[in-house]
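Sequential numbering from 1 along the given sequence is applied to the chain's residues. In this text the structure is predicted, and so the values were computed from the model without any measurement.
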Amino acid sequence: MSHDVQPTDLADPTQNPDAEEPTPPTSPVTPVSSVASEAPDSSDASEDSVALVDSDASEDEPAEPAVEEPAGRAPGRIRRILRSPGMSYALNILAGGLVFVALLYPNVLRRLTLGNFARIPIEAAFGILLLIVLPRRPRLVVGSILGAGLGWLLIQKSLDMGWFKTLARPFDVILDWELFDDTFNFIRDSYGAFGAYGAAIGAVVLAIGVVALMIWAVLRLAALITEHRRRSALAAAGIASAWMLSLALGFQLLPAVPVAARTSVTYAWDRAWQAKEGIANEAAFADEIKTDPYKDVPADQILTALRGKDVMITFVESYGRNAVESPSLAAGTAAVLEDGDATLKAAGFSARSGWLTSPTFGGNSWLAHSTTLSGLWINNQSRYRNLTSSDRLTIPYAMQKAGWDTVSVMPGATRAFPEGKFYGYNRIWDSRNLSYQGPRFSWAQMPDQYTLKQFTEVEYNKPGRKPLMVEMPLISSHTPWAPIPTFIDWDQVGDGSVYNAIAADGAQKADIWSSAAKVRREYGKSIRYTLTTLISWIEKYGNDNLVLVFLGDHQPSSVVTGDNASHDVPITIVAKDPAVLDRITGWNWTPSLKPAPDAPVWPMNTFRDRFFTAFGPNGGSH
């Protein structure tokens with residue numbers, strides 16, 4: 001709009017180019033009606049003057065005289081600059097540019113290109129027409145609301161960019177606010193308290209600034225539009241006509257990017273619908289929790305084929321299909337798994353592997369843990385909260401009822417875990433009681449090798465114990481993948497102080513996050529470290545009754561996988577007793593630590609029931 005009008009400073013009526021002659025700055029300003037009556041009889045001047053009369057007179061409000069400068073005191077330099085026609089013109093252009101960008105701003109990072117802004121937003125035409133017809137006071141209210149709305153859309157689309165990049169999904173305005181607490185804790189644990197508080201303060205200030213800036217931009221344009229109503233109406237008609245023509249012709253400057261854009265209104269509608277669906281799904285989930293075919297199964301009928309066995313369910317952080325099949329990672333991971341097959345075979349163990357589809361991607365590991373253990377699809381925090389406040393039968397709780405001693409080993413936990421009661425754990429070991437005396441490895445409080453060694457000493461090798469059911473997340477492959485521990489001789493682990501030199505010599509976050517290739521390389525190294533450690537532990541410490549299930553919780557973030565990666569993760573069962581693996585013959589899993597590309601893929605929430613069935617009294621080849 002701003003390029004169609006004369007430079008106008010709305011803060012200073014003395015700069016009105018349509019007035020017959022400038023009013024001296026030290027004289028009272030002539031009322032608008034007088035200016036209009038004295039304007040020369042030219043089409044442009046009369047057009048704009050009538051617009052001014054209509055916009056103010058229709059509201060029955062007296063014109064307000066401009067504030068006079070004190071006699072003998074000239075305006076300061078900054079004020080003169082701000083009141084100059086050139087500055088007014090520049091601010092009008094800035095306001096128009098901000099609104100234009102906000103209307104076309106994408107919510108996916110890869111679309112943030114110049115080509116995406118070579119489009120016509122239909123919302124601009126409707127906005128102009130709306131602001132033309134409104135009186136002054138409603139116009140200020142509506143303009144402020146529109147500006148705040150555009151500011152919020154910018155914020156939410158930016159959040160979507162981050163969520164897509166890390167979690168492969170958009171930000172949920174209803175359910176995802178709780179994740180900011182976990183984000184803060186992750187930043188604090190990885191970069192320190194100063195970095196976490198700095199990031200939080202910066203985010204709040206930036207959000208407020210974006211909203212305030214968009215309100216200013218819309219109100220400035222609203223004032224300009226109503227000062228030049230006829231030209232603004234013609235501009236709106238031109239935008240609408242060009243948009244309809246582009247839509248009819250299917251005109252595109254870039255593939256799959258139509259010039260006729262309705263980005264903001266469509267996005268707002270989709271997010272409103274998402275919120276509505278989220279509320280409806282939450283209500284339906286309450287019924288899902290209650291529907292449990294194993295809820296009333298007697299304890300002596302649960303997992304009868306595993307009686308006397310030590311059952312461990314171990315989640316390997318960020319161990320996704322990408323680690324096994326991506327060209328840049330597959331060779332290294334495959335070498336570890338193939339060597340592991342030979343190592344475990346020599347020790348008398350066998351393995352079967354398949355794929356599960358995780359409900360999460362790039363993070364939120366606890367959603368995958370709860371999905372696996374509860375048999376329900378837990379893909380957001382609301383479902384997790386509702387699940388853990390229910391009496392749903394989990395694998396640990398079922399095994400606790402059946403006589404196993406249930407233990408959780410959580411090296412990443414730094415505070416109490418009240419959900420442990422829901423899951424059915426008798427004891428929880430975490431970073432506060434595992435006696436680690438070494439350095440942190442970025443987010444990871446301790447290396448996986450130390451976790452497994454300490455678990456062996458405090459639980460697994462304890463004389464006279466009952467059969468164990470253990471749930472253990474291994475965390476050395478957690479983002480940001482720097483520094484990474486080095487596998488050492490088990491006898492050297494000690495209290496963990498040996499890792500001081502290893503952490504100091506390792507690559508640091510600043511070293512690797514300058515390049516996606518470096519990030520992928522270090523991610524692959526972290527997966528190889530954890531797999532090597534776990535396989536070695538089975539070989540060295542695994543007894544005849546060990547049944548170990550290890551699986552990925554989710555794929556790593558898209559900086560590793562790229563866009564459009566699947567949610568698939570490997571899952572493997574290792575046992576020495578052949579009868580255990582005979583029970584899952586019907587699963588058609590690959591006889592190896594490495595699942596074949598065409599091995600079965602199940603939703604992660606189906607594992608609990610399949611596990612209960614296969615190892616129940618009527619199991620076998622099912």
Quiz item: When you look at Phe611 and Leu303, which way does the side chain to side chain contact (heavy atoms under 4.5 Å, CB included) test go after all the steps?
Solution: CA-CA 8 Å; Phe611 186 70; Leu303 298 175; 3.9 Å; yes

Could you report the tightest heavy-atom contact between [X] and [Y], atom names first, then the distance?
X	Y	answer
Gly524	Leu329	CA-CD2, 3.7 Å
Val324	Ala330	O-CB, 3.2 Å
Ala503	Gln508	O-NE2, 3.3 Å
Ala596	Thr590	N-OG1, 2.9 Å

[Y] and [X] side chains, donor-acceptor separation under 3.5 Å:
X	Y	answer
Glu317	Ser365	yes
Thr357	Asp568	yes
Gln381	Trp366	yes
Tyr425	Glu471	yes
Asn322	Thr561	no

Here the ring-ring contact (aromatic ring centres under 6.0 Å, His included) pairs for residues 299-358, sequence neighbours left out, are Phe315-His369

Residues pairing under ring-ring contact (aromatic ring centres under 6.0 Å, His included) where one sits in residues 391-412, two or more places apart or in two chains, turn out to be none

Side chain to side chain contact (heavy atoms under 4.5 Å, CB included) with Met472: of Val407, Val409, Ile313, only one passes, and it is Val409

Side-chain touch [X]/[Y], heavy atoms, less than 4.5 angstrom:
X	Y	result
Pro359	Ile378	no
Ile475	Phe441	no
Val498	Ile488	yes
Val470	Asp310	no
Pro595	Trp589	no
Val316	Leu551	no
Ser382	Tyr384	no
Gln454	Tyr436	no

Could you tell me whether the side chain of [X] and the main chain of [Y] form a donor-acceptor pair under 3.5 Å?
X	Y	result
Ser370	Leu367	yes
Ser476	Pro447	no
Ser536	Thr533	no
Arg392	Ser374	yes
Gln445	Ala413	no
Trp443	Pro480	no
Thr388	Arg385	yes
Ser408	Ile428	no
Arg608	Leu373	no
Asp160	Phe171	yes

- Decide whether a cation-pi geometry holds between Arg465 and Tyr460; the criteria are a distance under 6.0 Å from NZ or CZ to the six-membered ring centre and an angle within 45° of the ring axis. yes

Report the distance from atom [atom1] of [X] to atom [atom2] of [Y], rounding to the nearest 0.5 Å.
X	Y	atom1	atom2	value
Tyr529	Ile484	OH	CD1	10.5 Å
Ser477	Asp448	OG	CG	6.5 Å
Leu548	Lys309	CG	NZ	13.5 Å
Leu344	Ser350	CG	OG	9.0 Å
Leu593	Thr333	CG	OG1	12.5 Å
Ile302	Gln400	CD1	CD	11.0 Å

Provide the full list of salt bridge (Lys or Arg N to Asp or Glu O under 4.0 Å) pairs with a residue in [range], sequence neighbours left out, each pair given once.
range	value
residues 398-416	Asp181-Arg415, Asp405-Arg427
residues 540-567	Arg110-Asp563, Asp544-Lys576
residues 339-361	none

Parallel, tilted or perpendicular: rings of [Y] and [X] (30°, 60°):
X	Y	answer
Trp513	Trp481	parallel
Trp537	Phe455	tilted
Phe487	Trp490	perpendicular
Phe612	Tyr294	tilted

If you apply the rule salt bridge (charged side-chain N to carboxylate O under 4.0 Å, His left out), what do you find for Lys518 with Asp511, and how did you get there?
CA-CA 8 Å; Lys518 291 180 180 178; Asp511 298 332; over 6 Å; no

(Q) Under the criterion side chain to side chain contact (heavy atoms under 4.5 Å, CB included), I'd like the reasoning laid out for Phe550 against Leu534: C-alpha separation, chi angles, the key distance, then a yes or no. (A) CA-CA 9 Å; Phe550 74 92; Leu534 187 57; 3.6 Å; yes

Could you check Leu434 against Met446 for side chain to side chain contact (heavy atoms under 4.5 Å, CB included), going step by step and ending with a plain yes or no?
-> CA-CA 9 Å; Leu434 283 170; Met446 62 193 70; 3.8 Å; yes

Glu288 meets the side chain to side chain contact (heavy atoms under 4.5 Å, CB included) criterion, sequence neighbours left out, with Phe285, Leu376, Arg383

- prompt: Do Ser318 and Gln555 pass the side chain to side chain contact (heavy atoms under 4.5 Å, CB included) test, and can you show the C-alpha distance, the side-chain angles, and the key distance before you say yes or no?
  reply: CA-CA 5 Å; Ser318 300; Gln555 288 260 49; over 6 Å; no

- request: Could you give me the CA-CA distance, side-chain angles and deciding distance for Phe361 and His567, then say whether ring pair (Phe, Tyr, Trp, His ring centres under 6.0 Å) is met?
  value: CA-CA 6 Å; Phe361 185 101; His567 283 221; 5.2 Å; yes

